[in-house]
Amino acid sequence: MLAQHAMRQVSTYTGFAILFAVAAVMGGSVIRVATLCGGRSQASVSFALFPHNGALVTATRLRTEKLRFSSDGKPNFVLVECGSFSPPTTFHLRLLEDARDAMVERGYHVAGGFLSPCHEKYGKKSLVSMHHRVNMVGLALQDSSWLQVDSWECAQTDWIRTALVLRDRFQREVDRLHPGAKAMLVCGADLLESFTAFHENGEPVWSQEDQETILGQCGAVCMNREGTNIGKVIAADPLLTRHSGNIVVFDPSVQNNVSSTLVRRLLQQGKSLKYLVHDHVLDYICAHDLGRFKAWGGKDE
Ligand SMILES: Nc1ncnc2c1ncn2[C@@H]1O[C@H](COP(=O)(O)OP(=O)(O)OP(=O)(O)O)[C@@H](O)[C@H]1O
Ligand SMILES: NC(=O)c1ccc[n+]([C@@H]2O[C@H](COP(=O)(O)O)[C@@H](O)[C@H]2O)c1
């Protein structure tokens, strides 16, 4: 009885699948469907956890298994998001998905993307140990067909300025893999706005030379963010204006203000983090009890 029922179910589903395929071809929507589902079609790539910070020094080569360069004449780009990722939120991932769509819309090919957690010597109070941040990003990206974590920054002995991360890590590796392709910075408007900011001691947050490297040699793809009028910021700054041709500004596909700060606060309040971070990240946070660390508002060093 059950077997017969199951057979009927299977043939009903098969019938639906055939009908759907025929309708899709007739409507010319097969390509659209394939594009929309492109992010889910690849089997997950396993990520080996780093047991401690010391283990990060072994990770030196750029992982290439998800990179797909195009040879059809479109300019190739590899997107790089530099950040604290303490922890990585779903919005850090959305930022890259939207950035890729913005690039594709403008006729470019995106060969792949990387999230590069910064070194703990960057000094931001909210940074948990590097292996935890690299592990969380790696776990969150296992089911992405095109995004990977890169642990090079964390494998250095000190914090590395973003311009050098782009030039000496990503552009150098990309040159080796596919000459002519470019590494491009992905960021929120607040980060691009900070190009024009100064520390309390009067030092610029970003040197002119670094801004030239990032915008002149690589370029930036930047998401508008509430609280920053990035068009105005670019227009008011001669260096940004000069390189505006290398800055792609786009609107978020969904209004969203999820930040790592919010996630850390909710964790301390004992509230739910579900859907703000990837499920694997949530499991990792719980398994390692990351809320106990001072960096995240707890008591442990
Ligand atoms: N809601 C958002 N809209 C646009 N960009 C964002 C958003 N959240 C993060 N970003 C961008 O993500 C990148 C990585 O930032 P970072 O990890 O330092 O994120 P954060 O969530 O703002 O961290 P924190 O809350 O700890 O300060 C930056 O370029 C930042 O501008
Ligand atoms: N001069 C620089 O290269 C510079 C300055 C500020 C932030 N950053 C980078 O920007 C990213 C985000 O930093 P914040 O979380 O402080 O905005 C980090 O990866 C950090 O290393 C680089």
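Order of listing sets the numbers, starting from 1, for every ligand and every atom in it.
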For ligand 1, protein residues within the heavy-atom limit of under 4.0 Å are Glu81, Cys82, Gly83, Ser84, Phe85, Phe91, His92, Leu95, Lys124, Cys187, Gly188, Asp190, Leu191, Met223, Arg225, Asn256, Asn257, Val258, Ser259, Ser260, Thr261, Arg264
Return the orientation label for the Phe293 and His132 ring planes: parallel under 30°, perpendicular over 60°, tilted otherwise.
tilted
Does Trp146 have Arg100 sitting over its ring (NZ/CZ under 6.0 Å from centre, angle to axis within 45°)?
yes
Can a donor-acceptor pair be found, under 3.5 Å and without considering hydrogens, that links the side chain of Asp150 to the backbone of Ser116?
no
Which residues pass the side-chain contact (heavy atoms from CB on, under 4.5 Å) test with Asp168, sequence neighbours left out?
Leu164, Arg172
Taking Arg169 first and then Glu153, would you say they form a salt bridge - that is, a charged N and a carboxylate O separated by under 4.0 Å?
no
Check the side chains of Glu120 and Asn53 for a donor-acceptor pair under 3.5 angstrom, ignoring hydrogens and angles.
yes
Only pairs at least two apart or in different chains count here, so list each salt bridge (Lys or Arg N to Asp or Glu O under 4.0 Å) that has a residue in residues 199-212.
Arg161-Asp210, Glu212-Arg242
For the pair Phe85 and His92, name the ring-plane relationship: parallel under 30°, tilted 30 to 60°, perpendicular over 60°.
perpendicular
Contact residues of ligand 2 with a heavy-atom cut-off of under 4.0 Å?
Cys82, Gly83, Ser84, Cys118, Tyr122, Lys124, Trp159, Arg161, Thr162, Leu191, Val205, Trp206
Separation between CH2 (Trp152) and CG (Leu56), nearest 0.5 Å, reads 13.5 Å
